[in-house]
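Input: a single structure, listed below in structure tokens.
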Amino acid sequence: MRRRSPTSVPSEQMEKGAGKSQNTRICFLASLSVFFWMLLLYFHFVVLGGSTVDQSVKLQLQAGPVYTELKPTRVTSDPQIENQNTESKPIHVTSDHQMDNQNTISASTRVTSDHQVDNQNTESTPTIVAPAAHQTESPAKATQKHEAENYLFMKALRTAENKNDPCGGRYIYVHDLPPRFNEDMLKECRSLSLWTNMCKFTTNAGLGPPLENAEGVFGDTGWYATNQFAVDVIFNNRMKQYECLTNDSSVAAAVFVPFYAGFDIARYLWGFNISRRDAASLDLVDWLMKRPEWGIMGGKDHFLVAGRITWDFRRLSEEDSDWGNKLLFLPAAKNMSMLVVESSPWNANDFGIPYPTYFHPAKDADVFIWQERMRRLKRDWLFSFAGAPRPGNPKSIRGQIIDQSRNSKVGKLLECDSGESKCHSPSSIMQMFQSSLFCLQPQGDSYTRRSAFDSMLAGCIPVFFHPGSAYTQYTWHLPKDYTKYSVFIPENDIRKRNVSIEETLRRIPPEQVKKMREEVIKLIPSLVYADPRSKLGIFKDAFDVSVQAIINKVTKLRMDILEGRTDDNFIEENSWKYALLEEGQREVGPHEWDPFFSKPKDGEGDSGKTSAEAAKNSWHNEQRQHQSSGRIYISLFYSMHANSIFFKSQKFLRTYIVQLHPQGVTSSSFATKPSWHLSFLQQTMSSEEDASSRLLYSYHSAMEGFAAQLSESELESLQMLPDVIAIRPDHRLQIHTTYSYKFLGLNTASSDGAWHKSAFGRGTIIGVLDTGVWPEHPSFDDRGMPPVPRKWRGICQEGQNFNSLNCNKKLIGARFFTEGHRVASVSSYSPDAGHEYVSPRDSHGHGTHTSSTAGGASVGTASVFGNAAGVARGMAPGAHIAVYKVCWLNGCYSSDILAAMDVAIRDGVDILSLSLGGFPIPLFDDSIAIGSFRAVEHGISVVCAAGNNGPIQSSVANEAPWIATIGASTLDRRFPGIVQMGNGKYLYGESMYPGNHLMRAGKALELVYVTGENSGSEYCFRGSLPRAIVRGKIVVCDRGVNGRAEKGEVVKEAGGAAMILANTEINLEENSVDVHVLPATLIGFKESVHLKAYINSTRRPTARIVFGGTVIRKSRAPAVAQFSARGPSYSNPSILKPDVIAPGVNIIAAWPQNLGPTGLPEDSRRVNFTIMSGTSMACPHASGIAALIRSAHPKWSPAAIKSAVMTTAEVTDHSGKPIMDGDKPAGVFAIGAGHVNPERAIDPGLIYDIRPEEYVTHLCSLGYTKSEILTITHRNVSCREILQMNRGFNLNYPSISVTFKHGMRSKMIKRRVTNVGSPNSIYSLELMAPKEVKVKVKPRRLIFTDINQSLSYRVRFISRNRTGTAKMSFAQGQLTWVNSKNSLNRVKSPFSVTWK
């Protein structure tokens, strides 16, 4: 929190000093104290003693109107009161907040049900009414409890205690302001600025027009020409997507006021009198104070946003020549919190939030990709500066900075004072920042420049010269320890020419620079505003951080009120100092930065000083106003400590995964690992608190360490303890068949096929980490299954609606892990999310689907409402399944995932299947990568989904080389749903509407595509479709934002007869179908363009949908799924990822009986199978195939199993033509080694094997540090020694990735293959090389005499392109070893060549 304001509501005007002497005041206060104790005795003996009081006790003072402290008002149960005008009567408010035109100054009201008040005018007088006579507690406790109960915000505080409500303590109530306060301004966008046409900048939900990435400076998506003053509309639109909005203000943690304050003042700053400038602010305050929500805390729980600097709202005088309006000086506004892009260091009611940058990510992948790109940039300049001198400002140091930059050989200067300056070009600015290690950020016309945030977005370490530029303003978004991410050089050192910027920066050690840059890059998510039209997953953007900070501020204020704490010593002039206090501190003192924030004396300064300078003197004027008011502030009630009865003082905790040294020197002092882990918490936490209550998990197998909840200060203490090698915040990840086994060539009738060779996977245990399982499903029937393997050490964990009898010989184990989920600050809660079982039972469906895909038993006559009928089987129908429930309706937390992997290793699984993940992150920060390495060391194959962030380049997740990373492909099965338009033309679509029957013969319906400004109707959001417009019609809905099936439910609820789901440019022709709740079909992007053109061409467009059933083998397949994540790997481009692709589009598999086939809460239909798409569906296909291979070859390593899958994969479709990626042949970054072929993978001929220690050598060769390798592998190694012993090392991976950096012309790669086929085998080379590269392989023949014999070969790649001048930056090819005796043994290795 950046400010600490008094807990009591301050008076806005103070008694004149000359009116009374000090002695008179003391006498008055003494009299008041006597009165106070008389009141207390009366309350104890009369009220609590059982007397019934019908008449309220009126407390009236003769000193004029009284501003009361925030205290509860007791009320009677009188009948409805209307048109009541009183000074001291009790206040009644309905629970539905049916109060209008109520004018309260500061009184707090107690909400009661069944009462309404209209046109009520109360000033300040509290009233006391006796409670019921029955008492079972002591009078003191009863009084405290009753007092606490009467606070209107008690219900809001209690929501935080409800662990089943992820929004508890986080609800936001948004005032429904009249449009004159917001939307009407956008309609008059040309008037928002005298100098700029703001109309284009208010488009795209306030982001402005998209930026073209012509120079390659920006990312491919999420970049906009955003105006620096557009935060008002961006923030408001983000609030519309906030997941914990409420219509009940009594449960709200805070109240948002969607007033476009910045736009309001901007239109009247120049050429308008003060009446015009103040009009909207006064109107707003008047409107707010008449609302019942205002009475809860007198506005102290309200907040609003203004995308301008604070000085624009702090006009000092009533002169038209003075600057800005007086919004922040209005008494009511002083109670509210105002979020501005620059705040005042001397005032307590404004808080700094970041200026908007040009980057507005729509999903986490956008952020991950940008961060990794910034990590890898070559930075040629030591420092840079963009700006112009300020010759008219003698205090400015810009001139000296420009001189130093111009005279330095390592400094880059972008001057902004001449001609068409590049400073106005976002690409020029960002390009310079991206090429610099440090970016100089002196003051602008105010403390901060927007470029401070642009530079950090570019991964450039900021250099500040005034603490007000960042350190005292943006404490919600930036670390308090500014040395972690920035450099501070005092202005005076530059002004007096005492310091060389270049020398100062050169003195910083390179290791420290690396750490600082990484800290800056990690800050990027919290400094940008996400696209309001979408939603990030694990990242918190600037909006999320700001809202949570406001909630924390209001919650703390409420707790202070309950505990009777007041900040009597609070000095508003020192507001900036309170922002820097550590946790638990309340007092401020002298500070080294005092000279930077010293206040000018009265009468000093130039008469022509800027409005901002004048505004900074506001505290003098405010104090004079207070002293001349003639009003006094007094508290009438004694302090209460009810909080000690109901609430504990809350620390804001976050879950962290703490990794310890596996041979920790301190472990020997403890009998068990859990007690050792607990000792770390005991050393960092207060002795008053039970450390075990914070410990969530102890890890032993997947890694050495634990997961626990920590405060920020505890985290810092823990990092200093011996044996702690890494601490990572808990991340939330997301979960990324009747025919697919036939499509892959698996056949029960073939005695020589993969199923028979592997005995259908018998004896192998597949561990599935997902959303749980529905154990009664016939796919988990154990008839014909062999006994549970003796090595199995797992359990069938009992829980809600789940017991040990739910397991059998097929489903041999089930566990659930909920600690990380339980304590997390969940950000994706939906009230309509549905019921969640606290047990291994699946309430989502995803886990049941994936488990049955990997190893489900045979189920005859499976279908989805008659569609795709056939026999359902998993890839390894004879394998055993163990389920680990780690994913819940709000996501999958890495602490839970790691706990499941930890247990699964000990349980004895053979395969781990994870259809979940996030986005590419460094291996040392990736819990799945760390846990899976330990699994591989234990001989367990780990198979993961590549992610659904395609077709974005380098979006592939789970990219560790020891993990099998699986992309998604299509099948040749289609479900036609043809659209026949009224003009006679047809559009191809697909659907699995139940029964897939034709609509009424010849029945054409009217077609409607509803578009409305900011309503979301084109996406068919809930509540966006007017029933009068869509009733009985076919509604066109654009794909995106909300779920595909959810759109159909919205159309159905609005009275629509059918739906056409139209792909956008993002989805192109991708065709994931759904079991819709009404007749519906999905059409591709090209078809959607034709459809919308037809709609616009006629006054009454019509159409009908013709369903065509199930069609097999009529289309080319496999092809790459549009959503499948693409390579190259960001963290490790020397490894080609994804490894392979597998069926992942329109996969039919098992489904739980508690859900309809769409998964929507409103869907009351029940099925045994449903259809899903994603790399989540592709992953279990590969997991099942890995199980088959392991059953056939139980002694093979995980690397050997993966090699068999990769080297036998197909690069052509079933027609013999290249696998397609959209309208072009697929490249290796889309398909990896190719499409899985289980029939060939069971007998690959040769394998590329890798020992765990070779992965360690590989990490050393990539430049990972000793500590990073220890974090990943739990091995404490010397890379220098390892690399000396392994000169020219290459990881023995089945695929090859080569990068030619500047000046490099050739590269040598080594590989080693092992014969697992027949002895006396000869393999000859087939080579397909691109023309840009000459490839030499030695030897060209491999002659094996024995089984398990290993031979090596070398490949030299010689670039025929001149680096830096080549037109293309990428090429690919493949080399294949062919068995001369068995042409089926074709061992393929794809290779990629990249020029940088």
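Because the structure is predicted, anything quoted here is derived from the model rather than measured.
- Partners of Phe303 under the ring-ring contact (aromatic ring centres under 6.0 Å, His included) rule, at least two apart in sequence or in another chain, are Phe256.
- Judged by the 6.0 Å distance and 45° axis criteria, Arg308 is positioned over the aromatic ring of Phe229.
- With hydrogens and angles left out, the side-chain atoms of Tyr471 and Ser486 include a donor and acceptor closer than 3.5 Å.
- Residue Gln441 holds its CD atom at 8.5 Å from OG of Ser469, rounded to the nearest 0.5 Å.
- A donor atom on one side chain and an acceptor atom on the other are not found under 3.5 Å apart for Asp544 and Gln548.
- From Ile521, atom CD1 reaches atom CE of Met456 across 12.5 Å, with rounding to the nearest 0.5 Å.
- The main-chain N or O of Val341 is found under 3.5 Å from a side-chain atom of Tyr474 such that the two form a donor-acceptor pair.
- With no hydrogens or angles considered, a side-chain donor-acceptor pair links Tyr173 and Glu293 at under 3.5 Å.
- Residues Arg495 and Asn492 bring a donor and an acceptor atom of their side chains to less than 3.5 Å of each other.
- The cationic group of Arg450 lies under 6.0 Å from the six-membered ring centre of Tyr358 and within 45° of the ring axis, placing it in a cation-pi geometry.
- Using bins of under 30°, 30° to 60° and over 60° for the plane-to-plane angle, the ring pair Trp593/Tyr482 lands in the tilted bin.
- Remark: the Asp366 side chain and the Thr221 side chain contain an N/O donor-acceptor pair separated by less than 3.5 Å.
- Between Phe597 and Trp346, the two ring planes are perpendicular [angle over 60°; tilted spans 30° to 60°].
- Remark: the backbone N or O of Ala348 is paired with a side-chain donor or acceptor of Glu572 at under 3.5 angstrom.
- Taking NE2 from His360 and CZ from Arg533, the interatomic distance works out to 9.5 Å, rounded to the nearest 0.5 Å.
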